[in-house]
Amino acid sequence: MTVPATLSPLPPQRLARAQGAGAGDWLAGLPALVEKLLGRWELTAERVVAPGGRSSVLVLVREADGGRAALKICAPDAPAALEEAALRHWDGLGAVRLLRSAPEDGALLLERLHCETSLRSLPDAKAMLEAVSTARRLWVEPGPGHPFPSVEARTGRQAELMRAAGAGEETGPLVAEALRTRAELVADAGERLLLHGDFRQGSVLASDAERAPWLAVGPEPVVGERAYDLARLVRDRLHDLVASPGAAAITRRRVTRLAESVEVDPERVRGWALFRAVESGVRHLAAGQRTDGEMLLEFATWL
């Protein structure tokens with residue numbers, strides 16, 4: 001079908017590259033899917049957010065009453081059901097508010113935030129303070145019968161893939177250390193809170209909502225300890241960190257400060273930061289993204 005000007009580019013190039021040929025049918029069907037949802041929910045498209053994300057497309061829309069909203073459509077490998085469940089559970093506390101959903105289509109209609117303005121627009125020290133303040137609101141009991149996977153289950157699958165990928169002479173010791181550290185962490189984890197799962201400065205956006213100036217988006221919800229969420233924050237602005245003199249010392253201070261800000265054991269933050277960096281590094285290398293993979297593995301050696 002012909003894509004209206006308001007829906008161009010659809011799909012965005014970043015999404016198309018990230019999803020690859022395996023998602024060709026889904027990518028080709030996006031214009032028709034968006035048009036169907038616009039009609040079902042009486043929405044008027046304003047524009048597609050570009051370059052956008054790697055696992056979803058975001059269309060800024062107007063509702064029938066003129067209200068501003070954002071239509072998010074998740075790729076098949078990033079199912080919307082868990083994100084929907086987490087957003088409903090938070091009900092706007094620290095996170096974007098869910099307005100409508102059609103998980104069978106991977107679709108979520110969200111309140112409109114300032115999608116171009118994340119915490120990364122602030123100086124790093126201020127951004128970290130705001131990030132921790134936002135995360136505190138998200139860390140709640142998941143409730144009985146919740147659908148969310150545990151940190152142990154999610155990282156267990158990642159650990160299996162790390163072993164299956166194998167390890168070269170250079171990465172072998174680091175992978176072994178990461179796997180050993182993960183095993184120790186899951187063996188005595190006590191907290192079982194609902195976590196964002198991919199919490200970083202870029203996933204906290206500016207908001208006009210009276211309840212909070214910054215709200216989290218794009219959760220990959222999981223149940224576990226707070227240190228797991230903090231671990232992803234440790235490596236925020238990695239490119240800047242790599243270029244900084246004394247990067248290893250800066251990283252260790254960041255671990256300590258983040259842990260102390262919410263009174264958790266710095267060693268648990270350090271351990272999860274190590275595992276998550278090595279897992280991501282191995283995954284990037286396997287995808288042929290050598291520069292990013294090596295950078296992540298170098299970061300892991302600083303911990």
Side-chain angles (χ1 to χ4, degrees), residues 86 89-90 92-96 113 117-142 148 150-151 154-155 178 181-182 184-186 188-207 209 211-242 244 246-280 296 299-300 302-303:
H89 191 72
W90 287 317
L93 182 63
V96 66
L113 302 182
T117 307
S118 73
L119 284 180
R120 289 178 61 85
S121 66
L122 301 179
D124 187 56
K126 173 66 173 172
M128 285 297 187
L129 287 174
E130 293 289 354
V132 170
S133 177
T134 301
R136 283 178 179 275
R137 298 183 180 94
L138 302 178
W139 295 332
V140 296
E141 294 291 332
F148 310 113
S150 67
V151 166
R154 177 169 293 174
T155 59
T181 299
R182 176 204 167 265
E184 293 170 352
L185 288 167
V186 299
D188 64 350
E191 293 182 322
R192 295 191 61 80
L193 300 173
L194 178 57
L195 310 176
H196 183 281
D198 188 31
F199 193 74
R200 48 199 166 82
Q201 293 179 17
S203 62
V204 183
L205 303 183
S207 165
R211 67 186 187 276
W214 299 96
L215 294 169
V217 298
E220 297 178 7
V222 68
V223 170
E225 61 176 317
R226 293 169 292 165
Y228 181 84
D229 255 359
L230 291 178
R232 179 60 183 81
L233 267 181
V234 172
R235 73 171 194 258
D236 235 314
R237 309 196 194 202
L238 183 54
H239 287 80
D240 294 341
L241 193 58
V242 168
S244 302
I250 294 172
T251 298
R252 290 190 288 269
R253 285 198 299 271
R254 183 179 279 187
V255 167
T256 300
R257 288 170 181 166
L258 284 172
E260 289 177 346
S261 69
V262 296
E263 299 180 333
V264 301
D265 183 353
E267 277 302 297
R268 299 193 72 83
V269 177
R270 186 202 70 81
W272 279 122
L274 171 67
F275 175 81
R276 296 191 71 172
V278 174
E279 184 278 327
S280 188
L296 284 157
F299 166 81
W302 304 336
L303 294 161

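All of these numbers come straight from a predicted model, not from anything done at the bench.
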Specify the closest pair of heavy atoms between [X] and [Y], including all atoms of both residues, with the distance to one decimal.
X	Y	result
R192	P142	O-CD, 3.4 Å
D198	D229	N-OD1, 4.3 Å
S244	I250	CB-CD1, 3.9 Å
G271	L185	C-CD1, 3.6 Å

Within the structure provided, determine whether [X] and [Y] are in side-chain contact (heavy-atom separation under 4.5 Å).
X	Y	answer
Y228	L193	no
L215	V204	no
V264	V269	yes
F199	T134	yes

Task: Electrostatic pair D236-R254, nearest N-O below 4.0 angstrom - done: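 Not counted as a salt bridge, because no side-chain N and carboxylate O are separated by less than 4.0 Å.
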- [ ] Answer yes when D124 and K126 have at least one side-chain N-carboxylate O distance shorter than 4.0 Å, and no when they do not.
- [x]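 A salt bridge is absent here (no side-chain N lies under 4.0 Å from a carboxylate O).
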Rounded distance [0.5 Å steps], [atom1] in [X] versus [atom2] in [Y]:
X	Y	atom1	atom2	result
L93	L138	CG	CG	7.0 Å
L119	Q201	CG	CD	6.0 Å
L274	T181	CG	OG1	5.0 Å

TODO: Provide the full list of side-chain hydrogen bond (donor to acceptor under 3.5 Å, both in side chains) pairs with a residue in residues 259-276, sequence neighbours left out, each pair given once.
DONE: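 Residue pairs with at least one partner in residues 259-276: D188-R268, E225-R268, E225-W272, E267-R270.
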- [ ] Hey, can you tell me if H89 and F148 have their rings parallel, tilted or perpendicular (30° and 60° cut-offs)?
- [x]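 Perpendicular.
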